[in-house]
Amino acid sequence: MKEIMRMILSVIGGAVTFLVLFLLAGWNILISILLCVGVYFGLYLVLKPSRRLGGMDVESLPDGEEMEKMLAEAEKDLYEIRRASQSIFDRSVQRDAENLHKTGSRILAFLKENPERIRQARRFFLYYLDTAAKLLGRYRDFQNTGLHTEEIEEILERTKKALPMLNQAFEKQFTRLMEGELMDVEADIALLEKTLKMEGGK
């Protein structure tokens, strides 16, 4: 849709340029056409939507395209987790799924603001988030069969037990990603405590 709009605006700009130069200003038709084409391509380039991560242009970031792709895949996985959580009957499984979605969404928001940390989250994207989406999708599918065979009950139970472990993995990943911020806060608190002691000793 954006691409069509970009093309339409470029065509309008080129057409207006031609009409003004040829019909109103009386310029030579060939020069008017050349300038019209130039305006079209100029506008087409200027109107190119900029893809940004954390306030930086994706194309200027090392591996920017790959990072953007990982974030897009992560958003799909989060969507699948949310979708599955909304149709799971077991309340504790649903709660674990909702927690996975919340933590995953916070991690994603943090990484969008701090794209330099995306590489550190590769395992989270490619394994943990993907595994969570698959497990919950299958849990929902098995649940919806309405079957209560021993095999299906065992799979549902094992999935139920795996979700709290996944939640812990998500939280550990988030803590690891925020290590720099945590160290900054610890340093600020230590400095504040030191300053207060010094002022208290006066």
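Since this is a predicted model, take the numbers as computed values, not measurements.
Of all non-hydrogen atoms in Gly137 and Ala84, the two that sit nearest each other are N-CB, 4.3 Å. Nearest approach of Gln120 to Leu177, heavy atoms of both residues: CB-CD2, 3.8 Å. Between Thr159 and Leu135 the shortest heavy-atom distance is CG2-O, 4.1 Å. Closest non-hydrogen pair, Gly104 versus Phe124, comes out as CA-CZ, 4.3 Å. A pairwise comparison of heavy atoms in Leu111 and Ala121 identifies CD1-CB, 3.7 Å as the closest pair. Annotation for Ile88 and Gln94: closest pair O-NE2, 3.4 Å, computed over non-hydrogen atoms.
Arg95 has no carboxylate O lying under 4.0 Å from a charged side-chain N of Glu98, or vice versa, which leaves the two without a salt bridge.
The distance from the CG atom of Leu147 to the CZ atom of Phe142 is 10.0 Å, given to the nearest 0.5 Å. Rounding to the nearest 0.5 angstrom, the gap separating the NE2 atom in His101 from the CG atom in Asp77 is 11.0 Å. Remark: Arg82 CZ to Ser87 OG distance equals 12.0 Å, nearest 0.5 Å. Atoms NZ and CD, on Lys160 and Glu153 in that order, are 10.5 Å from each other to the nearest 0.5 Å. Rounded to the nearest 0.5 angstrom, Leu156 CG and Phe89 CZ are separated by 11.0 Å. Taken to the nearest 0.5 Å, the CZ atom of Arg119 stands 8.0 Å off from the CE atom of Met70.
Tyr127 and Phe174 fall within a single hydrophobic cluster, where Ile, Leu, Val, Met, Phe, Trp and Tyr are joined by side-chain heavy atoms under 4.5 Å apart, directly or via other members. Under the 4.5 Å side-chain contact rule for hydrophobic residues, Leu71 and Tyr79 do not share a cluster.
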**Message:** Between Leu163 and Asn99, does the side-chain contact (heavy atoms from CB on, under 4.5 Å) criterion hold? Intermediate values first, please.
**Reply:** CA-CA 10 Å; Leu163 293 178; Asn99 287 336; over 6 Å; no
**Request:** Please lay out, stage by stage, how Leu100 and Leu136 fare under the test side-chain contact (heavy atoms from CB on, under 4.5 Å).
**Result:** CA-CA 10 Å; Leu100 284 169; Leu136 287 165; 4.1 Å; yes
**Request:** Report the C-alpha separation of Gln143 and Arg140 in whole Å, then their side-chain angles, then the decisive distance to 0.1 Å, and conclude whether the side chain to side chain donor-acceptor pair (under 3.5 Å) test is met.
**Result:** CA-CA 5 Å; Gln143 165 202 271; Arg140 178 199 55 211; over 6 Å; no
**Verdict with reasoning, Leu108 to Phe125, per side-chain contact (heavy atoms from CB on, under 4.5 Å)** = CA-CA 10 Å; Leu108 210 59; Phe125 284 136; 3.7 Å; yes
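A side chain to side chain contact (heavy atoms under 4.5 Å, CB included) with Ile31 is found for one member of Ile29, Ile33, Asn28 and no other, namely Asn28. Remark: of the listed residues Asn144, Asp90, Ile155, Asp90 is the sole one forming a side chain to side chain contact (heavy atoms under 4.5 Å, CB included) with Tyr139.
In this structure a side-chain-to-backbone donor-acceptor pair under 3.5 Å is present from Asn167 to Asp96. No donor-acceptor pair closer than 3.5 Å links the side chain of Asn114 to the backbone N or O of Glu116.
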